[in-house]
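This is a predicted model, so every value here is computed, not measured.
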Amino acid sequence: MKPALRLLQLLFPLAVLLLVLVSIADNPALHLLLSAAFAQVTWASVLATVPGQMAAVLLCTAALHVLRPGVGFGASLSSRLLRDAGGNLLVFMPGLGEIISTRALVLSGGQTRRAITAVAIDSVTEILGQLPYMLLALWVVPRFLSAAHMPQISLDSWQITAGFGMTLLAIAATITLLKQRGIWPKIQRRLHIEHRLFQRGLRQNPRGIPLSVLLHIAAWACGGLQFWMAARALGLDISLFAALAVDSVAYAARAIVFFIPAGLVLQEASLIGAGLVFGLPAPAALALGLVLRLRDGLFGLSLILWPLLEWRRRGGSRRSNRS
């Protein structure tokens, strides 16, 4: 990847984070909202998400494993944990989670081409699995847009302008750099190759891909279950259906505005907006958003698996050379 693109990928998340910090410091209402939300967060609520998240990880691991990545279930589990950790924490480079996941499969004994194909197809089946879950968001959004549910949070015009401006600038700069460096045709060729690999994978494993989609649907539902369990741990009265619906809105927003690193701010704003539809106060909804971020940090500790796998692979190579 060209240095200019690497610099852009690094600066954009930092710029988003800087805008968030400046907005909070400059807006007393947001500062009070964030303070009230932090005051509600407890470690019990974070730990309440662990069973649901572990179930989701195991379902996603099974979804990858049925695609025949060439390794056992345990190696597939490591790959999935690293993928989620990389995607949630290493936000400076989109797609880094998938790259680490593929590398983990190779380090565990999988063939490179087979690992790339499995992770690519798994990414597609995960998106397909999210589509039914996003239908709940379509039920929530019209109700949120009604005047009775509009959030009473004001943002200065410069903050809104800066947010949209940064996003448009990042998109325009990325497209321009891709075209100038001749990378865009390579991306198109890569997409064409991955499309052919997906079709070949469907022919070679006709039951694997549909099963992978079903497993991902169940995994997405576990996200709403986590939201509900965390809410109950905080003493909030919210139904399981409401929890599923609110969670679906947040992740639908992240999927649509995918270029925002890790859905920074966007995820929390979506939770607040959707929560208002079900009578969830803004500080409580934001507290649940912070709980989900802390959960991501907790499971992000699995990133230590990556250097361990690299060290084990190098140690095995040295032993082979000596013998």
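Under a 3.5 Å cut-off, the side chain of T117 and the backbone N or O of R113 do form a donor-acceptor pair. At distances below 3.5 Å, at least one donor-acceptor pair connects side-chain atoms of Y133 with backbone N or O atoms of G224. A donor-acceptor pair is defined here as one N or O able to donate and one able to accept, closer than 3.5 Å; no such pair exists between the side chain of S212 and the backbone of I209. Panel note: side chain N88, backbone D84; a donor-acceptor pair is recorded below 3.5 Å. S101 contributes no side-chain N or O that, together with a main-chain N or O of R80, makes up a donor-acceptor pair within less than 3.5 Å.
E126 is listed as a side-chain neighbour of R83, based on a closest heavy-atom distance under 4.5 Å. Annotation: side chain of F241 is in contact with side chain of L136 (closest heavy-atom distance under 4.5 Å). With contacts defined as side-chain heavy-atom distances shorter than 4.5 Å, the pair L271/F227 qualifies. Contact annotation: the side chain of W228 never approaches that of L244 to less than 4.5 Å [non-hydrogen atoms, C-beta and beyond]. Put simply, the side chain of V246 does not reach to within 4.5 Å of the side chain of L288, judged on heavy atoms. Looking at heavy atoms from C-beta onward, V277 lies out of side-chain contact with V249 at the 4.5 angstrom threshold. Looking at S76 and V71, their side chains come closer than 4.5 Å, going by heavy atoms from C-beta outward. Put simply, the side chain of C60 reaches to within 4.5 Å of the side chain of H216, judged on heavy atoms.
Closest approach of P283 and Q40 over heavy atoms only: CB-NE2, 3.5 Å. The two residues L309 and S108 have their closest heavy-atom pair at CD2-OG, 4.3 Å. Heavy atoms only, all atoms of each residue included: E98 and S123 are closest at CG-OG, 3.8 Å. Of all the heavy atoms in A104 and L82, the pair that sits closest is CB-CD1, 3.7 Å. Residues A242 and F278 share a closest heavy-atom pair of CB-CD2, 3.5 Å. Closest of all the heavy-atom pairs between L67 and A118 is CD1-O, 3.8 Å.
Both Y251 and L280 belong to a common hydrophobic cluster when Ile, Leu, Val, Met, Phe, Trp and Tyr are linked at side-chain heavy-atom distances under 4.5 angstrom. Transitive grouping of hydrophobic side chains (ILVMFWY, heavy atoms separated by less than 4.5 Å) brings L131 and V124 into a common cluster. Residues L225 and L234 fall within the same hydrophobic cluster, defined by Ile, Leu, Val, Met, Phe, Trp and Tyr side chains chained together at heavy-atom separations under 4.5 Å. Cluster annotation: I272 and F38 are assigned to the same hydrophobic cluster (Ile/Leu/Val/Met/Phe/Trp/Tyr, side-chain heavy-atom contacts under 4.5 Å, transitive). Hydrophobic clustering (ILVMFWY, side-chain heavy atoms < 4.5 Å, transitive): L308 and L301 are in distinct clusters.
Taking the side-chain contact (heavy atoms from CB on, under 4.5 Å) definition, one finds that V213 meets it with T125, L128, I217, sequence neighbours left out.
By the neighbour-count criterion of 12 heavy atoms within 6.0 Å, atom CD1 of I304 is sparsely surrounded, having that number or fewer from other residues, nucleotides or ligands.
Every pair passing side chain to side chain donor-acceptor pair (under 3.5 Å) that includes a residue from residues 44-53 is listed here, sequence neighbours excluded: T42-S45, Q53-Q226. Here ring pair (Phe, Tyr, Trp, His ring centres under 6.0 Å) pairs that include residues 42-78, with residues two or more places apart or in two chains, are H65-F73.
Interatomic distance, I116 CD1 to I99 CD1, rounded to the nearest 0.5 Å: 10.0 Å. The line from CG of L107 to OG of S79 is 10.0 Å long, rounded to the nearest 0.5 Å. Here T61 contributes atom OG1 and L77 contributes atom CG; the two are 4.5 Å apart, rounded to the nearest 0.5 Å.
None of V46, D296, L286, L47 except one satisfies the side chain to side chain contact (heavy atoms under 4.5 Å, CB included) rule with V291; the exception is V46.
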